[in-house]
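Since the structure comes first, as structure tokens, the remarks are kept for the end.
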2 protein chains.
Amino acid sequence: MNEVVLYDYWRSSASYRVRIALNMLEIDHKTVSINLLEGEQRGPDYLALNPQGLVPALVIDGRTLTQSLSIIEYLAELQPECGLMPADSAGRQHVRALAYAIAMDIHPICNTHVAAYVMTITDKAEARGEWMKHFIADGLRKLEAMLGEFNGDFSFGDRPTMADLCLVPQVYNARRWGVDMTDLKRIVEIDGRCAALPAFQAAHPDRVKP
Amino acid sequence: MNEVVLYDYWRSSASYRVRIALNMLEIDHKTVSINLLEGEQRGPDYLALNPQGLVPALVIDGRTLTQSLSIIEYLAELQPECGLMPADSAGRQHVRALAYAIAMDIHPICNTHVAAYVMTITDKAEARGEWMKHFIADGLRKLEAMLGEFNGDFSFGDRPTMADLCLVPQVYNARRWGVDMTDLKRIVEIDGRCAALPAFQAAHPDRVKP
């Protein structure tokens with residue numbers, strides 16, 4: 001196998017998901033930091049790798065992969081025994097639905113470029129923070145209701161799956177923006193169990209911050 | 001097989017994707033319309049089916065499935081020969097990345113409840129339309145760049161995949177909001193080829209509008 005390279009930004013939730021996956025699967029890799037605050041994602045070199053100008057991108061098996069959840073599905077297929085995706089179709093459907101409730105219904109709305117646009121259409125200085133709190137709290141409340149259907153140590157069953165790789169970075173963000181977590185008992189519980197695992201610890205933004 | 005039931009709203013892009021999939025796979029089903037404008041998605045009966053209060057939901061094989069892309073992956077696994085997902089891992093990764101560039105990076109930001117919230121933080125009457133145009137145009141421009149890498153009649157290869165099931169409803173929406181499509185040649189071409197197929201035609205909002 002050729003060298004695996006992760007194009008990463010320490011605070012990106014999408015990058016954080018892929019960092020956890022690479023750690024869980026023990027895939028040796030090099031990391032290249034793309035500084036989103038300095039606009040490196042819009043440079044011609046990076047756009048040649050990822051025309052969307054988003055992190056992460058992962059060079060593996062001679063290909064450049066983009067979109068965090070698509071990368072995770074690819075890695076999960078490389079090592080099915082890792083349990084990132086359940087072995088049965090109904091289980092996979094559940095895990096994807098939980099993952100998308102975060103990765104589609106919360107994260108994109110709170111992305112940096114969306115929040116920046118919000119600030120151009122309002123005079124309220126506090127609009128950014130209120131935007132984040134509103135959509136993260138609303139989305140996590142719905143996720144908590146979805147999680148209520150399952151019993152297990154993690155989002156789905158007793159091993160971390162792709163759903164947990166989405167949950168943990170979203171909870172990190174929720175805390176950063178001061179979202180009240182009081183009624184999100186299942187989410188807080190699952191996040192706590194993940195936080196005890198070395199693969200999650202090593203991927204934490206504070207650990208990879210340059 | 002028990003009765004298959006689709007909980008649907010004619011103008012929802014996410015529902016539209018699943019309608020196309022059910023047609024392509026020729027899965028007999030009943031449709032129940034959930035009127036989003038009248039708030040039926042927030043009624044207790046519907047929340048019991050889908051705690052997120054979103055359409056679509058699909059009752060199939062004795063389960064209630066939510067999240068359009070997760071439903072499509074499930075259906076694709078039921079009938080792998082349908083080609084909705086490629087047979088190889090690298091192909092699936094590409095198709096998912098293209099699908100997510102729409103379903104994660106455009107659609108959620110332009111969802112009704114997000115646009116409604118936007119209107120609460122600005123005095124500009126035209127803010128909703130400008131919001132839609134801005135994010136749809138930006139996202140489709142990036143998708144066009146991603147599509148440039150492939151050659152085929154559809155988004156990936158010569159058969160419609162999950163990526164096309166995302167592309168067509170997004171183009172419908174882009175036209176509805178008056179997005180300039182001039183430079184989106186590949187997207188317009190692919191949309192045109194899909195529009196010639198009966199499975200796409202029968203799923204069109206104008207055809208299922210109550």
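- Of the listed residues A:A145, A:S89, A:A99, A:S68, the one with more heavy-atom pairs under 4.5 angstrom with chain B than any other is A:S89.
- With respect to chain B, the highest number of heavy-atom pairs below 4.5 Å among A:A127, A:G148, A:G53, A:A103 belongs to A:A103.
- The CG atom of B:L22 sits 6.0 Å away from atom CG of B:L6, with the distance rounded to the nearest 0.5 Å.
- Per-residue counts of heavy-atom pairs under 4.5 Å with chain A were compared for B:R141, B:R92, B:M104; the largest is that of B:M104.
- With chain B as the partner, the residue from A:K142, A:Q93, A:E77 showing the most heavy-atom pairs under 4.5 Å is A:Q93.
- Proximity to chain B involves both the backbone and the side chain of A:L69, based on heavy atoms less than 4.5 angstrom apart.
- The candidate from A:H94, A:M146, A:K124 with the greatest count of non-hydrogen atom pairs under 4.5 Å with chain B is A:M146.
- The distance from the CD atom of B:E73 to the CE atom of A:M85 is 7.5 Å, given to the nearest 0.5 Å.
- In terms of non-hydrogen atom pairs under 4.5 Å with chain B, the most contact-rich of A:I109, A:T122, A:N50 is A:I109.
- For B:H134, the part lying under 4.5 angstrom from a heavy atom of chain A is the side chain only.
- With rounding to the nearest 0.5 angstrom, the CD atom of B:Q52 is 12.5 Å from the OH atom of A:Y100.
- Looking only at heavy-atom pairs under 4.5 Å with chain A, the residue among B:H107, B:E144, B:H113 that has the most is B:H113.
- For the residue pair A:Q41 and A:N35, no side-chain donor N or O sits within less than 3.5 Å of a side-chain acceptor on the partner.
- Of all heavy-atom pairs between A:I71 and A:T66, the closest is CG1-O, 3.7 Å.
- Between the side chains of A:S33 and A:D8, no donor-acceptor pair of N or O atoms lies under 3.5 Å.
- Neither the backbone nor the side chain of B:L98 has a heavy atom closer than 4.5 Å to any heavy atom of chain A.
- Closest of all the heavy-atom pairs between A:A101 and A:L143 is CB-CD1, 4.2 Å.
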